[in-house]
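Reading through the C-alpha cells given below for one structure.
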Amino acid sequence: MNLTGGIVLFVTIWFMAFLTILPIGHKSQSDAGHVVPGTPASAPAELNMRRKVVITTLVAVLVWGI
C-alpha cells in the first residue's frame, strides 16, 4: 500500500470510529435535569469532544495498525 492509500484508509477508519464513539456516554439535558432555554431537551448536557477525539484516534491507530 502506498502512502496515499494508507492515509485515506486511516481517515476512513477514524471517521467510522468517531461516529461510533460519539454517542457513547451521551447524557442529554433532560437526563441532567437542566434544559437551557432555546435548546432541545435532547442536546448534550456536557460535550467532552476532546476526550472523544483522543479515544477515537487511539482506536483508529490500533485498527489501522492491524
Side-chain angles (χ1 to χ4, degrees):
M1 179 182 309
N2 58 11
L3 179 64
T4 305
I7 292 171
V8 169
L9 181 62
F10 179 78
V11 170
T12 303
I13 291 170
W14 192 92
F15 274 105
M16 289 177 64
F18 182 68
L19 293 176
T20 303
I21 292 171
L22 195 59
I24 296 175
H26 172 75
K27 187 174 183 182
S28 66
Q29 290 181 8
S30 63
D31 292 341
H34 177 65
V35 178
V36 177
T39 62
S42 61
E46 289 185 23
L47 186 61
N48 297 325
M49 191 61 79
R50 179 172 292 174
R51 181 175 179 216
K52 291 186 187 254
V53 167
V54 168
I55 292 171
T56 301
T57 304
L58 293 175
V59 169
V61 166
L62 286 172
V63 172
W64 186 74
I66 292 172

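Remember, predicted model here, so these are calculated numbers, not experimental data. Count residues from 1 along the sequence.
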Would you kindly confirm whether [X] and [Y] end up in one hydrophobic cluster when ILVMFWY residues are joined by side chain heavy atoms under 4.5 Å apart?
| X | Y | value |
| --- | --- | --- |
| Val53 | Leu58 | no |
| Ile55 | Leu22 | yes |
| Leu19 | Leu62 | no |
| Val54 | Ile21 | no |

Backbone of Ile24 reached by a side-chain donor or acceptor of Lys52 within 3.5 Å: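 The answer is yes, because a donor-acceptor pair under 3.5 Å joins these two groups.
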Within residues 18-27 or reaching into it, pairs that qualify as side-chain hydrogen bond (donor to acceptor under 3.5 Å, both in side chains) - sequence neighbours excluded: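 Every pair satisfying side-chain hydrogen bond (donor to acceptor under 3.5 Å, both in side chains) with a residue in residues 18-27: there are none.
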Extract all donor-acceptor atom pairs below 3.5 Å that involve side chains of residues 3-15 and protein atoms in other chains or at least two apart in sequence.
residue, atom, partner, partner atom, Å
Thr12, OG1, Val8, O, 2.8
Trp14, NE1, Thr57, OG1, 3.1

Taking distance alone, no hydrogens or angles, what donor-acceptor pairs closer than 3.5 Å link side-chain atoms of residues 38-48 to residues at least two apart or in another chain?
residue, atom, partner, partner atom, Å
Thr39, OG1, Gln29, OE1, 3.0
Thr39, OG1, Val36, O, 2.6

